[in-house]
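Throughout, protein chains are lettered first and strands after them, A, B, ... in sequence-line order, and every chain is numbered starting at 1.
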Amino acid sequence: MVTLLPVRTLMEALTVRKELHATILNGATDLMIRDPNKQTALDRSSASIIALSQIDELRHIDVDERTIQIGSAVTIDEILRDPRIEEIIKSPLRSIGSPAIRTMATLGGNICNASPAGDSLPMLYALDARVVLASADALPREIPIAAFLVGVRKTSLRSDEILTQIIIPNDPFSAFSFRKVGQRKANAISKCSFYGAVKKEEGRVTDVRIAFGAVGTTVIRDRQQELELLQTSPPDIDAWVESYDRLLRPIDDLRSTSAYRRRVCLNLLRDFLERSVFP
Amino acid sequence: MESFQTSIKRFDFDDKIEGNAMYCADILRPDMLYARTFRSTMAHAVLKSVTLPTIPEGYFIVDAGDIPQKNIIPIVEDDQPFFAVDNVNYIGEPILLVVGPDVGKILDLMRQIKVEYQPLHPIFTIEEAKQHALDHPDDPSPILAQYQFTKGEIEYAKRMAKRVIEDRYETGYQEHAYLEPQSFDAEYIPPVIHVSGSLQCPYYVHDALVNALGWDSSRIRVKQLPTGGGFGGKEEFPSLPGVHAALAAIKTGKPVRLVYDRDEDIAFTTKRHPAAIQIKSYLDEADGVIGCEVEIETDAGAYTGLSGVVLQRSVFSATGVYDLPNLRVTGKAYATNNVLTGAFRGFGGPQALFAIEMHMEKIARILGVDPIDYKRAHFFQTGARSATGGTFAGAIKLDEITDTLVEISGYHEKRTSKNSPDKLTGIGYSAFFHGCGFTGAKEADLIHARVKLKKYADDTVEIFASSTEIGQGALTTLRKIVANVLEIPVEHILHTYPNTQDCPDSGPTVASRTILIVGKLLEECAMDVKKRFNEPEFEVVRSYHYPSYLFWDAEKLNGNAYPDYSWGSNVVEVEIDPLTYELSVTKVFGVYDIGTPIDVKIVQGQIEGGIQQGLGYAMMENLESQQGRLRQNSLTTYMIPTSRDVATVTFRLIENPSLTGPFGARGLGELPLVGIAPAIASAVQDALGVKITRIPLTAEAILEAINHGH
Amino acid sequence: MDINFILNGTSVTCNADPTRRLLDVLREDFRLTAAKEGCGEGECGSCAVLIDGRLVNSCLLPMILVEGRSVVTLEGYKKTQRFHALKAGFQEAGSVQCGFCTPGFVLAAEALLSEHPNPTQEQAVIAVEGNLCRCTGYAMIIEGILNAAKIGEGLW
């Protein structure tokens with residue numbers, strides 16, 4: 001039996017989170033999936049739960065020159081409707097689930113689920129998103145998403161913390177590319193995904209971001225690699241592809257094969273580099 | 001007949017769109033208990049003991065001991081029990097039911113049941129089954145069914161052959177994925193057991209109850225409820241949950257509801273038979289096929305079920321629409337300890353047609369001839385005899401079908417266009433048929449369909465038949481037939497979901513027979529009614545008679561394998577993404593001879609739905625069995641097409657009224673599915689220049705085909 | 001606990017465990033059975049209802065998240081003029097076969113049309129990408145929705 005704790009403010013939520021290690025309920029689209037015994041993860045834990053949707057402070061999107069700040073209880077649908085947010089962020093979110101899922105699912109939830117196949121994650125990694133983790137006793141800590149997601153379904157969220165905001169730098173990229181490959185064209189878990197973004201100034205490439213989803217325990221992104229390869233002159237697309245071939249860690253599973261995932265990711269990388277970066 | 005074919009509002013439309021149609025799980029039954037099935041976790045084992053926890057008041061266990069008469073589901077071979085007793089033969093085989101008022105408590109009790117198994121050596125593949133059969137020549141058990149027929153002199157063809165072309169083709173499992181899971185209600189109101197549910201064949205469930213209970217028909221009432229899809233998955237399978245629910249209702253004295261969870265439904269109910277088909281063709285010096293040997297192997301799962309009948313259809317469809325003079329066709333259905341396999345739209349046809357269509361195309365490619373030209377040179381023509389030496393009633397219009405198809409699809413122009421670097425495009429073709437009605441003379445020998453019409457004093461007429469509305473429009477089309485004969489408004493015809501006490505057995509709603517056979521009977525019955533229409537109130541019953549122009553020798557498998565046939569052909573356009581190898585079917589063109597359409601919108605619905613279900617079969621419905629367990633067992637992991645996956649369909653019907661069906665109609669329900677897979681595979685071959693011999697064509701399979709070249 | 005919400009325009013209270021599914025509350029407590037269980041995991045859309053005008057899968061909605069919100073099921077929606085436009089559109093197109101998926105599609109259509117009164121084919125296809133149908137092959141449903149947009153011009 002699950003108890004809902006009646007919290008309405010972030011402070012109340014943080015207090016019960018700390019005192020009772022209350023479980024966080026956000027959009028519920030993952031937590032409501034039942035096991036063969038018809039129990040959800042919540043039922044099994046006999047938890048005290050906090051519903052983040054009841055906390056107004058977590059429901060805002062703020063946009064200024066430098067950053068886009070998305071509250072952790074903002075739904076995917078709300079983000080997609082916000083005219084201030086560009087396609088460079090929206091594009092991967094359109095592929096999450098289905099319209100009905102997107103009504104309830106949250107960006108905060110997609111992150112905290114820490115699925116290797118999370119559709120928002122390669123974009124968040126590539127754009128250097130940060131997450132804000134609040135707790136009752138300490139100041140909020142802000143860490144890069146890559147530091148927050150540590151493994152399959154594992155985050156570095158402490159038992160007294162709540163993820164309150166996602167901060168995405170409001171960087172003007174010249175072009176981006178997102179491809180998700182599923183077993184069908186809609187409503188499918190990602191087999192592998194590619195996210196790329198490029199900055200050009202006066203015809204020169206000044207920055208490139210590359211991230212892959214569902215081909216490792218977490219998103220594959222390597223800033224060092226991006227900088228080294230950026231500095232290579234003339235640009236060597238084969239070198240890019242070879243480097244990432246070494247970084248990818250795809251597996252065989254129910255949905256796909258390691259060989260397929262690797263090949264497709266490298267194809268998508270090459271295509272992005274040839275079309276958008278070094279045409 | 002134009003006004004007759006015009007669509008009318010379906011009689012089930014209002015209820016369904018307003019949410020008033022009461023499917024099984026929608027019905028409020030006070031005092032109802034829930035039944036859940038406790039199942040084997042082993043694929044093959046001796047069931048040594050079952051230890052139950054303490055069962056609280058108000059909860060019950062139902063097992064084989066509660067079956068008064070026979071613990072056997074009467075499906076052809078009578079080898080499948082309602083509940084396992086001594087052995088279990090597949091993962092998921094029912095051992096007992098736990099019944100009670102709270103599902104959570106039931107599941108809790110089920111978790112506490114302890115079963116002691118003594119493992120037996122399981123068989124998980126056709127290869128293992130074949131090996132077992134070779135190793136144990138005196139033990140027939142690995143082969144659940146086998147058939148062979150010959151035509152002409154195959155040895156002659158072999159001697160005369162200038163060229164031999166051979167290949168092996170494989171098709172996979174498919175799950176029906178009807179949106180409404182298996183669902184049954186049962187209530188014992190002495191002396192009658194009432195069973196109602198989501199089903200295609202009320203009399204199959206009735207017969208299963210008679211077998212289990214040993215009761216007279218007057219004590220059994222099976223009623224069909226609005227049914228959320230069947231596709232063959234609710235043909236023979238429901239006999240199992242239907243009897244389970246009944247036994248629970250009898251034991252507990254309360255109404256019982258038995259509804260499967262989706263994952264339970266996918267994992268443990270019947271699936272389409274996987275098949276491996278070897279074809280060897282013998283060509284003469286004119287490069288024509290003069291002989292063909294086909295060997296078909298299917299995975300029949302743990303029990304025979306309908307595997308023999310499915311195999312028969314594969315065997316009879318093995319050489320497709322081609323008039324080949326010398327044949328040897330053999331088929332074997334192998335027992336494995338895998339999931340049950342059974343009826344599924346097409347019923348052995350899709351497997352066989354995939355093989356023969358790909359094979360004939362392969363021959364064409366080797367010879368450098370366009371596949372359509374090569375195939376049509378072998379088509380059955382009017383007056384031909386079928387592979388089994390039977391007659392085809394009326395004209396065969398494969399040429400007209402093909403000409404129309406080539407025209408509407410622009411096949412020849414598109415074939416010569418080049419790929420762009422962004423997309424690999426291809427165009428494919430298939431030609432196919434579907435025998436309508438039960439195999440051989442079974443309409444007469446086994447089914448003896450009967451229908452009844454009752455005319456009332458107010459000049460309304462009611463249809464009594466066991467045909468079920470499962471979405472295909474039976475509650476509308478059968479009314480149209482009767483109304484049209486009687487020349488009265490269709491609103492004056494009454495027809496509701498059937499039950500076995502009020503409706504005679506007109507046979508199951510399967511085999512594309514509802515219009516052809518039952519509709520025809522109703523047409524004849526209506527003519528009898530018409531003659532007496534001025535009488536205030538009366539009934540007329542009409543029984544099926546095997547037509548004198550059909551003949552069938554069940555021993556030699558010679559004669560008319562089916563009462564009639566429908567014909568079709570597809571052209572399919574595909575795109576393959578060169579970066580991700582994802583296959584998109586962009587366009588499907590279909591031309592069909594289904595005789596006279598009874599209602600054009602209903603026909604369109606069956607064609608488009610059948611095409612997309614065939615599309616899923618061909619490319620995304622990957623269903624793998626590993627150690628006797630299906631890896632994909634939810635709608636998250638078993639991929640059926642969404643609105644974004646479907647191809648644009650353009651179709652035409654050609655005019656060729658049937659001599660056998662009502663108002664010239666033939667069967668339709670299965671035809672649109674059966675030719676899609678080879679047309680898609682053919683298009684993929686065209687796009688990539690690689691050989692495709694198996695489905696489903698997932699992106700991974702396509703990448704592998706590219707890597708292996710050819 | 002007591003959950004207060006608006007159901008088909010009427011304020012209601014239901015006493016439920018916080019994680020009890022809205023689907024079960026609708027079907028069992030309120031006897032509203034148009035929303036159906038096709039999969040129980042938010043994959044098929046047969047359970048879809050509208051929450052504050054937006055499409056949701058009621059099999060994934062715990063009652064706590066329904067507190068204070070407005071739920072519309074087909075039983076409520078069918079009293080509207082918009083429904084009649086959809087009904088006419090679906091009838092014209094032949095969009096209904098077995099009918100099990102139909103309630104979910106009707107509400108998905110409403111969610112679409114309330115955003116896009118004159119949707120393109122593509123918008124309609126995306127709007128129902130989370131509703132599975134096994135009978136129709138979708139085209140006749142999409143056509144039904146586009147018909148409804150024309151028939152019900154001015155209603156959305």
Side-chain angles (χ1 to χ4, degrees), chain A residues 1-8 22-54 73 75-78 80-81 94-106 109 182-189, chain C residues 1-3 16-24 35 37-69 71 104-105 107-112 114-116 122-132 138:
Chain A
M1 174 82 90
V2 157
T3 317
L4 174 70
L5 301 168
V7 299
R8 294 267 176 233
T23 302
I24 294 164
L25 178 73
N26 208 342
T29 55
D30 194 65
L31 283 176
M32 286 294 282
I33 303 288
R34 271 129 206 260
D35 63 21
N37 292 316
K38 289 208 176 297
Q39 298 204 306
T40 67
L42 296 173
D43 297 324
R44 286 195 298 274
S45 64
S46 294
S48 307
I49 51 180
I50 311 165
L52 293 191
S53 60
Q54 316 215 315
T75 67
I76 301 297
D77 182 53
E78 285 164 345
L80 291 174
R81 281 168 197 287
R94 296 190 192 286
S95 70
I96 292 177
S98 64
I101 298 286
R102 296 191 284 273
T103 300
M104 298 303 299
T106 60
Q183 288 167 285
R184 62 185 175 197
K185 295 217 183 93
N187 206 7
I189 293 175
Chain C
M1 59 182 293
D2 275 350
I3 314 269
D17 287 340
T19 59
R20 188 152 171 240
R21 304 181 311 175
L22 174 62
L23 178 63
D24 296 323
E37 179 151 4
C39 73
E41 51 174 355
E43 205 52 50
C44 73
S46 294
C47 69
V49 298
L50 298 171
I51 290 255
D52 298 331
R54 302 253 190 274
L55 197 68
V56 292
N57 290 322
S58 64
C59 73
L60 290 184
L61 205 48
M63 285 311 292
I64 354 157
L65 296 185
V66 179
E67 169 74 44
R69 303 187 75 171
V71 175
F105 271 94
L107 296 179
E110 162 59 29
L112 166 73
S114 61
E115 287 281 297
H116 303 285
E122 200 195 336
Q123 284 171 327
V125 165
I126 292 173
V128 300
E129 68 183 10
N131 292 77
L132 295 179
Y138 302 100

Note to self: Once rounded to the nearest 0.5 Å, what's the spacing between atom CE of Met104(A) and atom CG of Leu61(C)?
What the structure shows: 4.5 Å
Next item on the list: Report the residue from Arg102(A), Arg94(A), Lys185(A) that forms a salt bridge (charged side-chain N to carboxylate O under 4.0 Å, His left out) with Glu129(C).
Entry: Arg102(A)
Note to self: Measuring from atom CZ of Arg21(C) to atom OG1 of Thr40(A), what distance do you get when rounded to the nearest 0.5 angstrom?
What the structure shows: 10.5 Å
Notebook entry, point to check: Tell me, side chain or backbone of Leu31(A) under 4.5 Å from chain C's heavy atoms, or both, or neither?
Noted result: neither
Checklist line | Proximity breakdown for Thr29(A) and chain C, heavy-atom pairs closer than 4.5 Å | finding: both
Item checked: Step-by-step salt bridge (Lys or Arg N to Asp or Glu O under 4.0 Å) determination, Glu78(A) to Arg54(C) -> CA-CA 11 Å; Glu78(A) 285 164 345; Arg54(C) 302 253 190 274; over 6 Å; no
Next item on the list: With a 4.5 angstrom heavy-atom cut-off, could you sort out which part of Asp77(A) is near chain C: side chain, backbone, both or neither?
Entry: side chain
Next item on the list: Starting at CD1 of Ile33(A), measure out to SG of Cys39(C) and round the result to the nearest 0.5 Å.
Entry: 8.0 Å
Checklist line | Student check: side-chain heavy atoms of Pro62(C) and Leu25(A) closer than 4.5 Å | finding: yes
Next item on the list: May I ask you to test the Ile101(A)-Leu60(C) pair for a side-chain heavy-atom distance under 4.5 Å?
Entry: yes
Item checked: Residue part contacting chain A, namely of Leu112(C), when any heavy atom lies under 4.5 Å -> neither
Item checked: Contact leader toward chain A among Thr19(C), Asp17(C), Leu132(C), Ile126(C), where contacts are heavy-atom pairs under 4.5 Å -> Thr19(C)
Margin query: Please classify the contact between Ala127(C) and chain A as side chain, backbone, both or neither, with a heavy-atom cut-off of under 4.5 Å.
Written below: backbone
Check: Do you know which of Leu65(C), Ile51(C), Asp52(C), Leu50(C) has the most heavy-atom pairs under 4.5 Å to chain A?
Finding: Leu65(C)
Checklist line | Which atoms of Glu43(C) approach chain A - backbone, side chain, both or neither, heavy atom under 4.5 Å | finding: both
Margin query: Need one label for Asn57(C): side chain, backbone, both or neither, based on atoms under 4.5 Å from any heavy atom in chain A.
Written below: both
Check: Who among Val128(C), Ile64(C), Val49(C) has the most heavy-atom pairs with chain A under 4.5 Å?
Finding: Ile64(C)
Checklist line | Heavy-atom contact with chain C under 4.5 Å, split by part of Ala28(A) | finding: both
Next item on the list: Just give me the residue among Pro99(A), Gly27(A), Ser98(A) that pairs up with chain C most often, heavy atom to heavy atom, under 4.5 Å.
Entry: Pro99(A)
